[in-house]
Amino acid sequence: MTMKPHQSGLTRRGLLQGATAMTAAGLILPASMTAARAEPKKGGILRVGIGHGSTTDGMDPGLWDNLYAQVFAAARHNQLIEVDANSQLTPEIAESWESADGQTWVFKIREGVSFHSGKPVTVEDVIASLNHHRGEATTSAIKPLMAPVTDIKADGQNVVVTLDAPNADFAYIMSDYHLAIMPAVDGKIDVQSTDGCGGYVVDSYEPGVQATLSRNPNYWKSDRAHFDGLELLPILDSAARLNALMTGSVDVIDQVDPATIDMLAARGGNRILSIPGTAHYTFPMDSRAAPYNDNNVRLALKYAIDRQELVDKILAGHGQVSNDNPIGPANRYFNPDMEAKTYDPDKAKFYLKEAGLDSLDVTLTAADAAFSGAVDAAVLFSETARAANINITVDRAPNDGYWDNVWMKQPFCASYWGGRAVEDHMFTTAYATGGAWNDTFWENERFMELLVGARSVVDEDKRREMYHEMQHLVSFEGAAIIPMYNNYVMAVADAVATPEKISTNWNLDGFRCTERWWFA
Amino acid sequence: MGHVWKMVGQRLALGVLTLFIVSVVIFGATELLPGDLARELLGQSATPETLAALRAQLGLDQPAPVRYWNWLSAFLQGDFGVSMANRRPISDLISARLGNTIFLALYAAALAVPISLTLGILAALWRNSIFDRAANVGALSAISFPEFFVAYILVLWLAQTGLFPSMVRINPTTEFGDKLYMAFLPALTLTLVVTAHMMRMTRAAIINLLASPYIEMARLKGLSPMRIILRHAVPNALAPIINVVALNLAYLITGVVVVEVVFVYPGLGQLMVDAVSNRDIAVVQAVALIFAAAYVLLNLLADVLSTLSNPRLLHRR
Amino acid sequence: MTLILYFALFIVVSIGLGWGFRALLTAVTSGEVKRAFRDMPISASFGLLVILIYVLVAFLAPVLAPFPEREVVGARYMPWGAPHYLGTDSLGRDMLSRMIYGARNTVGIAFATTALAFIVGSILGLWAATVGGWMDQGLSRFVDALMAIPALIFSLLLLTIFGTSVLTLIIIIAMVDATRVFRLARSVAQGVVVMDYIEAARLRGETMWRLITREILPNAMAPLVAEFGLRFCFVFLAISALSFLGLGIKPPTADWGSMVRESATLITFGDVTPLLPAGAIALLTVAVNFVVDWQLHRASGLKE
Amino acid sequence: MADPLLTIKDLRIEGRSGDDWLEIVKGVDLTLNRGEVLGLIGESGAGKSTIGLASMGFARDGCRISGGSIQFDGIDLRKASEQQRRELRGKRIAYVAQSAAASFNPAHRLIEQYCETPVVKGVMPRDQAASDAVELYRRMRLPNPEDIGFRYPHQVSGGQLQRAMTAMAMACRPELIIFDEPTTALDVTTQIEVLHAIRDIVAQFGTAAIYITHDLAVVAQMADRIKILLRGEEVEEAETRTMLSSPREDYTKSLWAVRSFAKATQPAPTGTPVVSVRNVTAGYGKVRVLENVSFDIHAGRTVAVVGESGSGKSTTARVITGLLPPERGEVLFDGKPLPPAYTARTRDQLRQCQMIYQMADTALNPKLRLRELIGRPAQMYLGLRGKALTNRIRDLLDLIELEPDKYIDRLPSELSGGQKQRIGIARALAAEPRLIICDEITSALDQIVQEGILRLLDRLQSEMGLAYMFITHDLATVKAIADEVVVMQQGRVIEQGLKDEMFQPPHEPYTELLLSSVPDMDPDWLSRLLEQRAAAG
């Protein structure tokens, strides 16, 4: 089961100056704590049933690719920078950071932090942990993100990172979950080791079966990691996950089957956490291939989908309609003023006619590997499109190998994006000309001009205007049908208390439910 | 007894041949799988460079026959290799799960075999009675539902009422009693699945013999029906009964992926499915060979037991 | 309590239906057929009736179904009641219509698969038993090896390789199943080829094809037919197991296995929706087994 | 004399045939005194076994006792409970079955099976039963009486098993034993020993017995009285000697006359034989079955190949047909060598040599109708089609004396045993062969039916000039049909020549043994033979 990797989403605020962020965090954190239902209490064993994880899961941080690996990693490791529940950058192992020119970045490493083994976290450990993901021989999934780094060196308690060109967003990258800080031996990290400086120490780990952890007594964050211990269980079958929660075998589950959300909530003993995020489901079209190379055809398809029905039936209401916009309402520069594309077969027919067609036959390839309910969504799409003389044949591909054999290979398929908190990140990753993951192969000059220009624009209004125009271009000229933003839907036993604010950035509270939640 | 050992020897040799064919078939099949391990590990973020680097690191850049040969020669030296995906020794990955799988299989067999033999013998004794028909209909109905459905129903009835856990969390340190309690539902599900087959076979094997002259002789010796069945029919019906038990035991070891998924039971089936979807060929090979070996050995065991149970084969003239 | 009541009611109605159907069959037939029907147990009569109904439903699906197979006609999970007598599914398609079309697809595919498995398996099995020698040994060893690979996992592997179109599904499950048929056909044929009439036919100089089709096959037919029934059930269950693992029949084709899987989580909440397709599968397999049982009994010639 | 031990009055037994119950025993009376041996004689279907079982109050599955009374020592077996009847069986009434090999449970040692009844019935403890068994085995003249009980049935020969079964029946010293064709499945030489042992033990214990058989000569040695049955009804009953010397009824007389058929003697043959077996040595794998076998068969003549089971008779036939290519030697047809394997022979070579099998049941495909069974060779070899084919089939049916209209569309299962064997003959004739190999074709048939078949074969031979190779172990059959005789033992031909010469002394010792073991219809034959052998040996 492969998940598409996501890059971390962060706001632009406090990018160049970690100290500002730190102040901000310092101000916000107590506020959020007071808003919580109760003061966190220590104690208890948290059992989390996660819908991912397999026997073949590896330990190499460069290859962590599923929610189980991510939550497990977050429980035992820290990164240089954390993203807090409000999507703000917060110092973690890096006490502060700064960059004068955006090209040379200085991270000051926190002192007095030690690994579970008792060994103090040193600058060398940090450098080795970062170096694992770059260089010729690395197999890390975030090699492309680390590619601009030309040099990493120690400078006292600081780590100095040099880039090949200025990049104001570089601090985001340091919050990526792959970049766990691990102990180094001879300048290399041991990828098989579970030793970290996070809140929990690994007692046992059987891939695909369970991991048990106990609280790190020396954890440097005194107000985090409230549980005495953790049991992380991969439970792939969604019914089994539900049963486990309902019979009290676990306290938390993720990915609740939309069909059962209402019944689960009505049953009592637990509550549903439905967190709107930036994640969205898409149907990318290959804009180079006929008939999708004609924007009229693309528009016809965009008007032939009933977005509200998809939200109602595929997400059971736990999500929002999207106007083919990869930038979500949670984003700062979200464009709320675009003309909404509602289901309109006549308009679809009109655009078909514009394209010189009476009817359209296309094949839409989908698998539930793309997103849960993707096949059903495709079927619904095909049903609504028929009224517009568009005949969509749904081809279900095997879940196995979906990302290899279908995505970016078939001209019209299902996909999803975890979303990016930073607009530039999202657009650069998936819509920029020549981008490695530009799954629509879309090329638009005006869009590129705006995208590159916006990076260096300081004026907020001007930037907003530029990003609004980019969103409009993607929505009305782009080749991705984006019908909805999906919520992260989790269910927790009543005994589990959560902060008022749960991170919209990643599932299970930014992978950090083990660190941020407690037993009431 | 000498010829029994000779038979065992021949069958073992055939078994090795079978395992060899299995390994070639499985290797060939995994070669045909779209994508490879490197692709799976890197997922969407794969770039040509990282793919090439990972492939070289994993040895996937060598031609297929070379990889098969490397694997085979290591295997023959007792080295299962390491999982390509997570670099753990495959023997470690497998050993705990093999134990779990065997535990569950034996548990289910311990429930199913006595039940089905008793039911089968009673059905043969009271053939065409209401009991016989009810047992038959009940058994047929039990095997007519998809396994996962039986499992969900049992969860609904027995787990949600709090009697038994709906998921099995066992590890090597779990107490035996706890294990029995935890694994009760999967074992019960499997019992329901296999009982019908064994029961019907037992009944049929016994009834088949009832027309034999020696059964008529037993009746003419004035023996009671129960004694006739137990003493005169069952010993001669052992071979087909042993065979069907072995077949079902093999099924319990190799065919329970669905039950493992539903009850989150850490067994070999789940490992195999994971390994297939991750293209972790070394693990696929190892598990497939264990399954095939279990099948071969159980069949061999059944043949040996059938031989031992049959004086004609055991004591030649 | 009500469950037990319903169950008892179901049994009583089944027995009544079986009895009535047998009476009907004996009334409209004559001679040997009539005698066969008259001696048929009620279970077999009920089985025949069920199979007949399924076949009718499968053939008449477009006529019987009130709504099209894949059209979304309402909200999701609408309750039972007119015009959606069994409510709607998770996408708002009419459940009753999906059930009816499901009969056609599921039964049709299972039947085609079993038939293919039998054609391939029994021809090869009979051939192997007839020629004997190293060709028989070679083929049998190979089939043994294939049988040593768990069927479900092997199908899974092959489906991953070759994709999951209906055709590949049929071919793959048929091939995996054909190994079992091969073994049975071979062992039955081995019992037949030692008969003097086979020796006589060989000495007469009959061709292999005629030897198999005219001399051996008719005498191996009874156990093969019985096995066909059982295999049909196994194929049926195998397809639903594959659907459960996500590799079965592709949507939006209505198929009972996938329908159970889609709504399986609802059973956790005691919802009866998944019971419908699962019940439909179970009812048919039980029915087929009843008929097979009867046929086996007849073939065995046991008087009791 | 005291009251009779067993009194059966107006016994009626029905058997199920499809939906109907047919009467298979139609009002038979029977009286048996203590210590008396009654012979029950009849063809198959006469109901003799059914009556034998009924005297234990037992009816086979698919049969029911529908009328009459069965009194055993004052107990009415029909009115007694199943429990009471079960108590009697094994303890006071015992049974010896036709095939001991099939009637001993293959899973248990002989002595276990011996001890079962006495122990279960509480007659004696196991130890005593075991030592008793050894004693009885000794009296039955079984070799190694101390050890033989610890063998499994398959480790003991047929004749010995039959004696062990008689011993087992004696275990509780029953008052009545039913012997149901105890020697039918045995070779003639073995039969003598078994008959001897049975006769002695019955006499020693004074046990009453019902001796069921179809062999008149055998029953003459065993029984005090003989009752003859035909289709469930009694024909007549008399003291043995009276019955043999002066039978009253025509049916009885016809039984006595069966053995009168004998083919006229023909002069020694001349010219090229149809088939010539030359120095054939053959075997299966390493096991040598035939050793240097040679003989000729001439057109219009019958060569009988005689020997006990395992002597290589059938293997010789397999060599001739090409099923078993010989290691050495060859088979000449019309003086020209035949390819050793049938697969290498031409269709015409295959046609010339046809075979008729012992068991018509397994020799006829049960799923094919007579039309195809008989028509197929004609169609294949002679290329007949349509009308011509049908006419040929009808002619063949006429030839074997079956009405074409009635039989042409029947299945083999709708025929009697004798009729099936006739179909086997017709199928062989359809190929218009020169040689027909008959492998024990009459041994499964009743004597009257046997005679019909033999007469048919004789007629066909004189009409068509066929050559027969006639494999048999029954010397009476040899006397009836053969021109020449080949005696085989352990894969070798030990004697061969014209029939008349062969039946005249002096013989090879083995031939002598064979000949002398054939029972005569003389009540004193067995005693005399045993005396002679005792004197000689």
Side-chain angles (χ1 to χ4, degrees), chain B residues 1-4 6 10 117 121 124-129 132 202 204-243 304-317, chain D residues 49 52-53 55-62 82-110 112-121 123 150-157 161 165 168-169 171-172 174 177-178 180 185:
Chain B
M1 278 308 280
H3 60 278
V4 176
K6 196 175 160 201
Q10 282 172 345
L117 293 194
I121 288 172
L125 182 64
W126 299 323
R127 52 201 172 278
N128 298 325
S129 67
D132 182 21
T202 306
I206 292 175
I207 287 185
N208 251 340
L209 295 177
L210 292 184
S212 336
Y214 57 83
I215 297 294
E216 183 174 282
M217 189 69 213
R219 293 167 74 182
L220 290 171
K221 279 162 100 176
L223 304 176
S224 69
M226 195 58 168
R227 187 177 170 88
I228 291 173
I229 298 270
L230 289 182
R231 175 112 184 118
H232 289 272
V234 170
N236 291 293
L238 278 180
I241 294 175
I242 289 170
N243 267 305
V304 171
L305 286 178
S306 300
T307 306
L308 293 181
S309 80
N310 186 344
R312 281 166 196 270
L313 300 176
L314 187 61
H315 307 277
R316 296 254 175 94
R317 273 186 206 244
Chain D
S49 290
L53 291 171
S55 44
M56 304 179 77
F58 184 87
R60 287 204 165 112
D61 296 330
E82 182 58 32
Q83 184 63 40
Q84 283 172 302
R85 285 196 292 256
R86 204 185 291 152
E87 189 55 37
L88 284 179
R89 290 180 198 147
K91 190 173 169 185
R92 299 187 62 193
I93 314 176
Y95 179 80
V96 175
Q98 173 171 3
S99 165
S103 296
F104 268 117
N105 192 323
H108 302 297
R109 297 174 197 274
L110 294 180
E112 298 294 329
Q113 306 193 45
Y114 179 98
C115 294
E116 186 170 22
T117 331
V119 173
V120 170
K121 305 274 175 183
V123 173
F150 294 94
R151 299 211 190 157
Y152 285 96
H154 71 275
Q155 295 170 305
V156 180
S157 74
L161 272 185
M165 175 156 284
M168 181 165 83
C172 298
I177 300 189
I178 317 291
D180 193 352

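In what follows, chains are A, B, ... by sequence order, proteins preceding strands, each numbered from 1.
- Both the backbone and the side chain of D:Tyr95 come within contact range of chain B, with heavy atoms under 4.5 Å apart.
- Residue with the most contacts toward chain B among D:Glu116, D:His108, D:Arg85, D:Lys91: D:Glu116 (heavy-atom pairs, distance under 4.5 Å).
- When D:Ala94, D:Pro106, D:Ala107, D:Cys172 are compared by the number of non-hydrogen pairs under 4.5 Å with chain B, D:Pro106 comes out ahead.
- Interatomic distance, B:Ile229 CD1 to B:Leu210 CG, rounded to the nearest 0.5 Å: 5.0 Å.
- Put simply, the side chain of D:Ile178 reaches to within 4.5 Å of the side chain of D:Met56, judged on heavy atoms.
- Side chain of B:Ser224 to backbone of B:Arg227: a donor-acceptor contact under 3.5 angstrom is found.
- For the atom pair OG1 (B:Thr307) and CG (B:Leu238), the distance works out to 12.0 Å, reported to the nearest 0.5 Å.
- Options D:Asn105, D:Ile93, D:Leu53 differ in how many heavy-atom pairs under 4.5 Å they form with chain B, and the most are formed by D:Asn105.
- The backbone N or O of D:Ala100 sits nowhere less than 3.5 Å from a side-chain atom of D:Ser103 that would complete a donor-acceptor pair.
- With a threshold of 4.5 angstrom between heavy atoms, B:Ser309 does not approach chain D through any atom at all.
- Annotation: the span from D:Gln113 atom CD to D:Met168 atom CE amounts to 6.0 Å, rounded to 0.5 Å.
- Both the backbone and the side chain of B:Arg219 have a heavy atom closer than 4.5 Å to some heavy atom of chain D.
- Neither the backbone nor the side chain of B:Leu209 comes within contact range of chain D, judged by heavy atoms closer than 4.5 Å.
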